[in-house]
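Below is one structure, written out as structure tokens; comments come after it.
These numbers were taken from a predicted model, which means no experiment stands behind them.
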Amino acid sequence: MFTRINGQGASLAVALAASLAVGGDAVASTINQNTSWTINRSGATATYRVVAYGDSIFAGYHGSIFDVAKRAAPVVEGEYLAKDFNSNIQVVRRTKSGAKADDIYNNKIIAERSYMQASNTRVVMFEMCGNDYLQARSAFQSQTGTCSYAGLDTALANCTSYTERAMQAINTYATTAKAKIVMNIYYPGFDADNVLTSCTDSATGTQVNKRAKFLPYLAKSNWRTCNLAAQYGFKCADAFAEYMAADYDSNGDGQIDRDAIRYRAGETEAAYVTRVTSTLLGTLRDANTHFVSSGTSYDYIQSDNTHPTYTGVTITGDNSGAPDFTDTQIVNGQNPQWNKFGHERAGWIMSTMDPTTP
């Protein structure tokens with residue numbers, strides 16, 4: 001169920017919706033957006049659970065505090081899992097839009113750990129940190145005088161710390177999970193950030209390109225997320241690669257762009273950051289135009305320039321229904337929409353990390 005906002009009326013609801021929808025940069029308010037969707041397969045007798053913790057991304061936020069996208073990434077992943085298991089799958093989303101990493105860890109993963117402790121839980125996934133960086137970026141953008149990078153440093157430190165704590169907690173409580181997945185961060189506003197700041201760097205005395213400063217922080221964060229995943233037995237869904245680089249070889253180096261930019265186990269943080277921010281910088285594209293081929297692109301980001309696009313209806317509370325796609329429509333593990341919407345893409349990449357049997 002959606003959490004009522006302190007029992008107050010529609011004026012607060014409208015104000016909160018506005019604060020959550022300003023391109024993500026001004027998000028300071030939070031709201032619990034918890035849903036459960038059970039995918040019922042014809043003839044199935046067993047029901048297994050997927051639990052997703054996170055912020056507005058896994059919530060399926062689309063500008064409303066009253067409902068969310070049904071086919072957010074966790075439900076997309078759950079539909080693939082239902083086919084693989086030939087079972088019903090209950091997708092439980094325990095999410096808090098606008099929340100930073102510490103809030104998700106303390107008030108979702110820890111406070112609501114009972115959801116992953118259910119004996120039928122088979123997959124637990126989480127994402128966090130987006131709002132840490134969005135708020136740090138917003139504060140950085142508003143600076144004048146001499147630039148301070150302290151807020152960006154704090155966001156990176158907190159993200160690293162709470163991501164590790166989240167993995168430790170999930171390992172402790174999700175004892176029946178056969179797959180544990182963390183999703184890293186794509187870069188909303190990649191094109192919009194290619195501007196100079198109003199503040200000046202203390203060393204050079206010149207204005208700073210906002211994207212050039214921010215991208216290395218995201219790269220460090222994503223490397224740390226995937227590196228921690230390897231340490232703690234998690235799979236790392238590389239949303240940055242899936243959203244920000246094309247599905248074809250755009251620079252003639254013999255590699256599909258998304259594969260070339262992807263996290264590589266065993267690579268150092270410094271080497272990964274150099275590869276993303278320098279060597280292959282020219283292959284990065286704003287996710288509003290994700291190229292699936294040289295001549296075809298799809299918009300992975302909503303008009304707020306922050307949240308993933310989705311297909312289908314919106315929901316609230318606890319519901320159930322048949323799969324949106326039949327088994328015959330899923331070819332080579334991909335439904336017909338797998339690369340056309342941001343949530344479909346994220347759900348698909350996580351489905352490649354699923355267990356094959358219950």
Side-chain angles (χ1 to χ4, degrees), residues 1-5 30-42 44-62 64-99 103-105 107-128 166 169-170 173-183 307-308 310-325 343-344 346-348 350-351 354-355 358:
M1 298 281 296
F2 280 69
T3 302
R4 185 171 174 81
I5 312 168
T30 61
I31 182 173
N32 286 303
Q33 293 190 294
N34 303 315
T35 58
S36 171
W37 181 268
T38 300
I39 301 156
N40 292 322
R41 284 180 61 87
S42 177
T45 56
T47 300
Y48 297 100
R49 176 178 286 189
V50 171
V51 182
Y53 296 103
D55 53 33
S56 56
I57 304 303
F58 275 2
Y61 182 79
H62 68 102
S64 170
I65 64 169
F66 301 110
D67 57 21
V68 295
K70 187 189 86 171
R71 290 190 66 81
V75 169
V76 174
E77 181 273 344
E79 189 167 290
Y80 285 114
L81 188 65
K83 177 181 180 295
D84 291 342
F85 281 9
N86 193 25
S87 301
N88 305 321
I89 297 293
Q90 181 193 30
V91 181
V92 177
R93 285 182 264 177
R94 307 303 298 180
T95 56
K96 193 172 187 180
S97 291
D103 195 353
I104 293 168
Y105 171 74
N107 296 312
K108 287 298 176 183
I109 293 173
I110 295 300
E112 300 184 4
R113 60 188 178 272
S114 62
Y115 292 93
M116 62 175 142
Q117 290 178 301
S119 61
N120 66 338
T121 298
R122 292 297 179 269
V123 178
V124 177
M125 61 182 69
F126 79 97
E127 50 82 21
M128 54 172 52
I170 291 168
Y173 299 120
T175 57
T176 62
K178 302 184 80 171
K180 291 164 284 188
I181 304 168
V182 61
M183 191 174 84
H307 297 94
Y310 65 95
T311 183
V313 301
T314 59
I315 60 169
T316 182
D318 301 342
N319 294 278
S320 63
D324 288 321
F325 297 100
H343 274 299
E344 292 293 328
W348 167 76
M350 290 191 291
S351 77
D354 281 340

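The main-chain N or O of Thr121 is found under 3.5 Å from a side-chain atom of Thr176 such that the two form a donor-acceptor pair. Side-chain atoms of Arg49 come within 3.5 Å of backbone atoms of Tyr115 as a donor-acceptor pair (strictly under, hydrogens ignored). One N or O on the side chain of Asn88 and one on the backbone of Arg41 form a donor-acceptor pair closer than 3.5 Å. A donor-acceptor pair under 3.5 Å is formed between the side chain of Thr95 and the backbone N or O of Gln33. The backbone N or O of Asn40 lies less than 3.5 Å from no partner atom in the side chain of Thr38, so there is not a single donor-acceptor pair.
Note that CD1 of Ile170 is 8.5 Å distant from NZ of Lys180, once rounded to the nearest 0.5 Å. Expressed to the nearest 0.5 Å, how far CZ of Phe66 lies from CD1 of Ile31 amounts to 7.5 Å. Going from atom OG of Ser97 over to atom CD1 of Ile65 covers 10.0 Å, rounded to the nearest 0.5 Å. One distance of note links OG of Ser87 with CG of Leu81; it measures 8.0 Å at 0.5 Å rounding. Atoms CD1 and CZ, on Ile104 and Phe126 in that order, are 9.5 Å from each other to the nearest 0.5 Å.
Under the 30°/60° scheme for interplanar angles, the aromatic rings of Tyr61 and His307 are found to be tilted.
Two residues are said to be in side-chain contact when any heavy atoms from C-beta on lie closer than 4.5 Å; Trp37 and Ile315 meet this criterion. Residues Val68 and Arg93 have side chains in contact (heavy-atom distance under 4.5 Å, counting atoms from C-beta outward). With contacts defined as side-chain heavy-atom distances shorter than 4.5 Å, the pair Phe58/Tyr53 does not qualify. In this structure the side chain of Ile181 reaches within 4.5 angstrom of the side chain of Asp354, judged on heavy atoms.
Taking all atoms of both residues into account, the shortest heavy-atom contact from Ile89 to Val50 is CG2-CG2, 3.8 Å. Scanning all heavy atoms of the two residues, the minimum distance from Val91 to Gly78 falls at CG2-CA, 4.0 Å. Heavy-atom minimum distance, Ile39 versus Ala82: CG2-CB, 4.1 Å. Heavy-atom minimum distance, Ile110 versus Arg113: O-NH1, 2.7 Å.
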Checklist entry - What do the steps show when you test Val123 against Met350 for side-chain contact (heavy atoms from CB on, under 4.5 Å), and what is the final call? => result CA-CA 10 Å; Val123 178; Met350 290 191 291; over 6 Å; no

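Considering Asp103, Asn32, Asn34, Asp55 as possible partners of Lys96, the one that fulfils the side chain to side chain donor-acceptor pair (under 3.5 Å) test is Asp103.
Figure legend: cation-pi geometry between Arg122 and Tyr48 absent, as NZ or CZ is not positioned both under 6.0 Å from the six-membered ring centre and within 45° of its axis.
Under the side-chain contact (heavy atoms from CB on, under 4.5 Å) criterion, Thr314 pairs with His62, Asp67, Tyr310, not counting sequence neighbours.
Residue pairs meeting the salt bridge (charged side-chain N to carboxylate O under 4.0 Å, His left out) criterion with at least one partner in residues 68-77, sequence neighbours excluded, are Lys70-Asp324, Arg71-Glu79, Arg71-Asp324, Arg71-Glu344.
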